[in-house]
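Throughout, a chain's letter reflects where its sequence line sits, starting with A, and its residues are numbered from 1. A quick note: this is a predicted structure, and the numbers were derived from the prediction, not measured.
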Amino acid sequence: MQVNENFKPVIVAFCCNWCSYAGADLSGTNRLNYPANVKIIRVPCSCRVNPMFILRAFQKGADGVIICGCHPGDCHYTSGNYFTRRRITLLYSMLDFLGIERKRTRLEWVSAAEGAKFASVMEQFVSDVQKLGPNRRLEDLRCRKQ
Amino acid sequence: MQRIGVFVCHCGTNIAATVDVKAVAEALGHEAGVVISQDYQYMCSESGQNLVKNAIKEHKLTGVVVCSCSPRMHENTFRKAAASAGLNPYLVEIANIREQCSWIHKDIASATEKAIILGRAAIAKVHLNTPLTSMESPVVKRALVIGGGIAGIQTALDIAEAGFEVDIVEKEPTIGGKMAQIDKTFPTLDCAACILTPKMVEASQNEKITIHSFSEVSDVKGFVGNFTVTIKKKARYVDETKCTGCGLCTEKCPMKKVPNEFNMGLDNRRAVYIPFAQAVPKVATIDPNYCMMLKNGKCGVCSKVCSAGAIDYKQTDRFVEQKYGAIVVATGFNPIKLDKYDEFAYSYCPDVVTSLELERLMNAAGPNGGTLLRPSDKTHPHTIVFVQCVGSRCDDGKGKQYCSKICCMYTAKHAMLIREKYPDTEVYVFYIDVRTPGKNFDEFYRRAVEQYNVHYIKGMVGKVSPKADGKIDVQASDLLAGEQLHINADMVVLAAAIEPDKTARPLATMLTTQMDTNDFFTEAHPKLRPVESATAGIFLSGACQGPKDIPETVAQASAAAAKAIGLLCKNSITCNPCVAHSDELMCNGCSACEKVCPYGAITYQDKEFRMPNRTTAVRRVASVNPAVCQGCGACTVACPSGAMDLNGFSNSQIMAEVDAICK
Amino acid sequence: MQEAMIKRAVQLLADGTVNRVMGWKRGEFVYDITPAVFTTAEELEKDFVCDDFTQANLSKYLVKESRKEGKILAFLKPCDTYSFNQLVKEHRIIRENVYVIGIPGGPKLDIEKIKAKGITGILSVENENYTLKIETIYGTETMPFSEAVSGKCSGCKSKKHVAYDELIGDDGEVLDSNRFDMVAKLENMTSQERFDFWRGELSKCIRCNACRNVCPACTCENCVFDNPKSGIDQKAAADSFEEKMFHIIRAFHVAGRCTDCGECSRVCPQNIPLHLLNRKFIKDINELYGEYQAGADTTSRAPLNNYNADDCEPSVVHERGVE
Amino acid sequence: MLKISADRLNDLFNRIASEQTLYIPVDREPNTAEYRKYEDGMKLSESLNTVRSAKDFFFPQTENLAEFKVEGKNIEIKDIREESGDFVVFGVRACDARSFSILDKVFLSEPVDSFYKNRREHGTIITMACTRPSETCFCTAFGIDPTAPEGDVAVFADGENYFFLDRTEKGKKFIESVADMLEDGDTSKLEEVKEKTREIMKKLPLAGLGTDSFGGDKLNELFNSPKWAELSESCLGCGTCTFVCPTCQCYDIRDFNTGNGIRRFRCWDSCMYSDFTKMAHGNPRLSQLERFRQRFMHKLVYFPANNDGEFGCVGCGRCLSRCPVSLNIVKVMKTLEVKE
């Protein structure tokens, strides 16, 4: 596959406040580099991420969406990420069923201590999306960048 | 019309070095609704905060966006500043352009571009922010301390001293923890038992303190100020209230071959036992794995000899539920298992011991009554080799990456004590580095080298091989001399790494606190909030947070107590106003939200609604108890109609952020 | 069957057990049957119909009807009882206000399948030993019954009534259906093929909302797609994205609640196989979280409002089937 | 009359398509036809009618009106109108052909809808006479002769040939432009076919449907009829009838934030929807009864009241076959009918 180096994917990352957002902060504190394409939206818990938000991101021009939360069992709210896991599994499965590229969506568990993991996950995710090229299967033509 | 102020922080050069802060302020100044956009060197400083406060007053701001470090750092600072200037604190949003931008990107152009986008997202969000008011929630004036080692005891004593009820939950039959097993303490070489046991007694006698020994926390519900904890009191088959601790049963019990865990399995105890003489509570416990009465119903000797009638073979686990305002975790540590270190022959050579085993071997209450003898043949060892960093500072995946911190000092202590008591014994210590920061620590170590002639050798022990003559061949390298050594030793002592107690991980799950990858509890901030967990109302005491020696442990235990007391002193606490709320007009009453709420914050009521053409209808609708809701947002996604939304993180706010980022 | 139903309905009206009857009303032709509420014996005898064309699921009407004064009698086919149960479970139907008579289900006929044979000007349809004799303006036509069976009946999951106060006719069993075959077939296509398939299907969508409005799981007081406050309201599929958005979110909102009654595909004026989206979720839920049939009872926890600590990770999606 | 033999029809299509865009009804599935842009080899549908009506060509489901671009604190308004090219719609039935005159009354009267007008001017409608009406047909109730459709050009088939009759100036020009492919033909068989069709029309189940009880002067009695409650009871409030209807012409204007600006577009609306004509104060028609009544009152009373007695229905029968619960204008008319 031809990889367009000039293509700068827009990546939206939803991070839970307690683990993954803190993990992202830690990767900053440790000066671990990951691509600037990744823009983080802070949510209290990964279970706050509504499938609406994910579709909205793709509609408005995101090329990839990643959700990060506490490791299962470590949710600040006890059970939030368990619900996230089911919801997002089913949603991603549906997107796959509709023929949307699998690698545009991802869910990762990143704890507050895993700054290095956060950076490497983002690095890899951006590179996967970079390879896929711009989001065409789930885009809203009206929102295409001019 | 919104009037938004944007404040871009340089953070010295932390941000300004990779983000063109002027350009960010300029670009964000053009955003719709923004009436002022400024940059400043240190926005969190007093003068920086004044800048924000003055702008709020001068420009009658309706919203504030601060582009600075993580909101986890200074969101509160700026919220307070806004509040003091008369702006609702929840009309402040932070764009994280330090941890999530300047610190991770090297290219100024892309970092600046990203900072602008993050700023735009925050502006888009703040457009939709609504003023929020915090509710008050009462504080239960009772604390729970989980773990009855020196950390837990100290915390409990301090909290009790301040006048609050404290419960200690200890999983072993007695409090005391690891310190009770230690012989002497560094750097003063005073007897551990002599300083610990009075504290144990004090705890047991303090009327504010309740000790739940041989107990575990089995469930935690609730939130800061109002936790409900279920404590499992494990069956000890002895009625605590009747047992006088006379010890007769422990002498008469015919089952004599039970490895004594207090002495690290170096000798045996009975099936009914009291771990050590100064145990608190001094109550016997029957070990159901060995008791013949419990196993096959044949024996009953203890019951016969007990004049107090305390033996109860039918006892079962009991569960006690109690409410607490604060919880302190003091679950401590354990030496790691050395089964992966076969090169040191630990698993098959009895004369290769861990440091904690050596403590027991040297202790007057230990298996040899305080005389240092080889476990194998009970002879006096003449050459002892200490191996440092067994499982600490390990990159090979077998052990721990971190430094266990206490080993250098206790090894110096052991070496010194041996040389003092048995001057004919040669002591070798193999080390990577000797780390002795701490008051009087380095002096202590130098005494071991200079005064007691302990042979400190920088180098690694490669192989420990027991020989046929009972001696042990220690093959090692001397890095400074650059040579291979063979030492013909009588004993080898391994400074095993320490790790958090295994009970910590499930406990963290129950407490919804964070742990690091090594299972140490994560503090809310490594420097500024070292004894608090990120979960409000949960405090950290002792080695559960990281390796610590006794002085540090006690210091942190008191610090955690101070934090807990600070909380318990309040009659009520301010709740997070970022809670869920349901729009009754849209609610279907379907109960989906209730099913996913971890706090039981959602209830239903039948309510009458005005319907078209002057009719009314009764519908079942959800309502959220804002004092109980913790604001996770699980319900907002479970709700198909979108009736349920979350203050501070509303659907529209998050989508506005999404839009701004994807723009 | 129809006579027995009318007779019983008249009795229950007469003895005051119920004051209304929810059933089907005959129309202009043999097939255009409308759900209706009857209040008198005369109305019932004149217009009540229950035959091979009475496909419509009456459960959703009971959301409103069960909140009215007095008890209503509802005739429910086995598949309808699942929807009914699910709505009772979600507190949408007030169970006490409904008297349910379970009636045997299909297979029902779909007039579109008859018309697809080029048969038009239809005046009557008679079932003679599973051969349909169709009188038209243009003469008499015949076709096998099986070829005219409605799509919602061909993948029938159950002949069992899961909720009723009494039964007319015998109760059946849960069937071992082949309803997931098409989903499985799609799963085994390549990602591009799946994309092309759905682009072809969903591009037909005219956003008439028939699928949503007929769906017994879609009973929201105010649908997010109609509510400007939701931020995702949309009235038309102005871009192909919006078709996907609407159908994904709708399927997601009914995931774990959809009883697979098949009404969505039945009513789609563009014949989009919308039920496949719902069946995909049902199939995933069954495979990933254990067999679950929405509406089978009124007490179990919906799979999306439930979890297991050892649930699979979303990465299973990326490990299964074809990319 | 000029004709082309059936086996050369596709040649004619190719010719038309080489000059302008041609749309013909094509079977997507048996008996499910839709208009498609003609490509070589496409087969003209034999279905009676398309699922969606031909109004889509002139009044599309969505249409962009303008774009607003926000630069900093300035707003720029952009006209993003797209001029229509010339196009031909082939195979429109008599009912749909009449719908254009109904739509014209709405969109071409002052203030003229320039978007609609633009497309009307560029579009040529070629209608096709019906030969095999369905039981759902009732166009004759509205004075439409399915054997003599309106449009720019009317086409008649006798099984072997297609005959072309110009009905407007535009139609005349069109026939001239393809005259070289047409030849004179004998219409005697055609008359037989027409007569046969008229006979069938008389025998259709809905042939007797009358409009005497309806019209602009029947407002009060119809509006206040107690029968609406029963009629609307099972209406789901979906927009199927509206969207397949060739004469429904209500639309909503909405703004969409594209990220690059605000796009103002219009899209079909349905009076069956709960948010139809929702205004700042709320919704004028709160119950489904009122919304249901609105649709039929519009077609049977309000429209004729404002348009010289012309009804807003053409009897195409689409709502009869597509309504999820088989509610339709015929049932409404029969229920409300005042029987002599």
Side-chain angles (χ1 to χ4, degrees), chain C residues 22 24-25 27-37 43 53 56 58 60-61 64-65 111-123 136-138 200 204 206-215 222-223 226-228 233-239 242 263 266-271, chain D residues 28-32 34 46-48 51-52 56 61-64 132-137 200 203-206 230-231 233-244 251-252 254 256 263 265-270 272-275 278 318 320-328 330-331 334:
Chain C
M22 181 96 224
W24 302 270
K25 185 178 177 179
E28 293 302 314
F29 315 115
V30 66
Y31 55 80
D32 63 333
I33 286 151
T34 302
V37 176
E43 282 173 14
F53 288 102
L58 304 179
K60 189 176 184 177
Y61 289 105
K64 276 214 175 71
E65 290 298 331
I111 194 67
E112 290 300 317
K113 294 208 168 171
I114 297 174
K115 289 186 174 178
K117 297 277 179 189
I119 300 171
T120 187
I122 297 164
L123 301 172
T136 80
I137 318 166
Y138 304 102
K204 298 189 295 195
I206 56 172
R207 274 311 301 283
C208 65
N209 292 319
C211 50
R212 178 192 73 184
N213 290 19
V214 80
C215 175
N222 193 349
C223 174
D226 290 347
N227 178 7
D233 64 316
Q234 40 168 258
K235 206 160 212 169
D239 186 274
E242 290 190 320
E263 288 284 90
R266 176 180 76 81
V267 302
C268 179
Q270 293 282 62
N271 300 337
Chain D
R28 187 172 67 212
E29 295 148 38
N31 202 47
T32 306
E34 64 187 7
E46 284 176 20
S47 307
L48 178 66
V51 176
R52 297 174 68 167
D56 303 25
Q61 182 153 18
T62 65
E63 177 170 32
N64 293 321
R132 216 173 135 79
S134 156
E135 74 277 9
T136 54
C137 291
I200 294 168
K203 285 191 274 177
L204 289 179
L206 303 180
E230 181 202 328
L231 274 170
E233 200 159 43
S234 32
C235 176
L236 299 172
C238 75
T240 309
C241 52
T242 322
F243 289 179
V244 297
Y251 59 83
D252 194 4
R254 303 213 145 199
F256 175 75
R263 187 168 290 188
F265 66 102
R266 70 167 162 198
C267 59
W268 291 352
D269 203 348
S270 171
M272 296 297 193
Y273 287 170
S274 55
D275 58 349
K278 191 168 183 176
R318 284 189 178 86
L320 277 71
S321 54
R322 296 295 161 187
C323 174
V325 292
S326 300
L327 285 174
N328 53 58
V330 171
K331 284 185 181 173
K334 289 204 168 179

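With a 4.5 Å cut-off on non-hydrogen atoms, N64(D) does not touch chain C at all. With a 4.5 angstrom heavy-atom cutoff, E263(C) does not touch chain D via any of its atoms. For I122(C), the parts lying under 4.5 angstrom from a heavy atom of chain D are both the backbone and the side chain. With a 4.5 Å cut-off on non-hydrogen atoms, T62(D) touches chain C through its side chain but not through its backbone. Using a 4.5 Å cut-off between heavy atoms, V51(D) touches chain C through its side chain atoms alone. Both the backbone and the side chain of A238(C) have a heavy atom closer than 4.5 Å to some heavy atom of chain D. For a residue to count as touching a neighbouring chain, one of its non-hydrogen atoms must lie under 4.5 Å from one of that chain's; by this rule D252(D) touches chain C with the side chain only. No part of R212(C) comes within reach of chain D, as not one of its non-hydrogen atoms sits under 4.5 angstrom from that chain. For chain C, no part of L48(D) is nearby; none of its heavy atoms comes within less than 4.5 Å. Using a 4.5 Å cut-off between heavy atoms, E46(D) does not touch chain C at all. If you measure heavy-atom distances from S321(D) to chain C, the contacts under 4.5 Å come from both the backbone and the side chain. In this structure, chain D has a heavy atom under 4.5 Å from the side chain of L123(C), while its backbone stays farther away.
No donor-acceptor distance shorter than 3.5 angstrom exists from the side chain of T240(D) to the backbone of C208(C), with no hydrogens or angles considered. Judged purely by atom type and a 3.5 angstrom limit, N213(C) uses its side chain to pair as donor or acceptor with the backbone of G237(D). Distance alone, capped at 3.5 Å, places no donor-acceptor pair between the Q61(D) side chain and the A237(C) backbone.
Taking chain C as the reference chain and counting heavy-atom pairs below 4.5 Å, the highest number among C137(D), S270(D), P205(D), G239(D) is found for G239(D). Contact count versus chain C (heavy atoms, under 4.5 Å) is highest, among R254(D), E230(D), R28(D), for R28(D). Most heavy-atom pairs under 4.5 Å with chain C, from the set M272(D), R52(D), E34(D): that is R52(D). Comparing E112(C), R266(C), K64(C) by heavy-atom pairs within less than 4.5 Å of chain D, the highest count is held by E112(C). Annotation: maximal heavy-atom pairing with chain C below 4.5 Å, among R318(D), R132(D), K331(D), occurs at R132(D). Top candidate by heavy-atom pairs under 4.5 Å with chain D, chosen from Q234(C), K204(C), K25(C), is K204(C).
Taking CD1 of I200(D) as the reference point, atom OH of Y138(C) lies at 4.0 Å (rounded to 0.5 Å). Of the inter-residue distances, the one linking F29(C) atom CZ with L206(D) atom CG reads 4.0 Å to the nearest 0.5 angstrom. L236(D) contributes atom CG, which lies 6.5 Å from atom NZ of K60(C) (distance to the nearest 0.5 angstrom). A distance of 4.0 Å separates CG of N209(C) from OH of Y273(D), quoted to the nearest 0.5 Å. Atoms CG and CD, from N271(C) and E29(D) in turn, are 5.0 Å apart once rounded to the nearest 0.5 Å.
The heavy-atom pair separating C267(D) from A236(C) by the smallest distance is CB-CB, 3.4 Å. Here the shortest heavy-atom pairing between P35(C) and V325(D) reads CD-CB, 3.7 Å.
At least one side-chain heavy atom of T34(C) sits less than 4.5 Å from a side-chain heavy atom of S326(D). By the 4.5 Å heavy-atom criterion applied to side chains, D32(C) and N328(D) are counted as neighbours.
The cationic group of R207(C) does not satisfy the cation-pi geometry with F243(D), failing either the under 6.0 Å distance to the six-membered ring centre or the 45° limit from the ring axis.
With T120(C) as the partner, the side-chain contact (heavy atoms from CB on, under 4.5 Å) test is satisfied by one option alone out of S47(D), S134(D), P133(D): S134(D).
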- Any chance you could lay out the side chain to side chain contact (heavy atoms under 4.5 Å, CB included) test for F265(D) and D239(C), step after step, and finish with the verdict? CA-CA 11 Å; F265(D) 66 102; D239(C) 186 274; over 6 Å; no

- Give the intermediate values and the outcome of salt bridge (charged side-chain N to carboxylate O under 4.0 Å, His left out) for residues E135(D) and K115(C). CA-CA 11 Å; E135(D) 74 277 9; K115(C) 289 186 174 178; 3.3 Å; yes

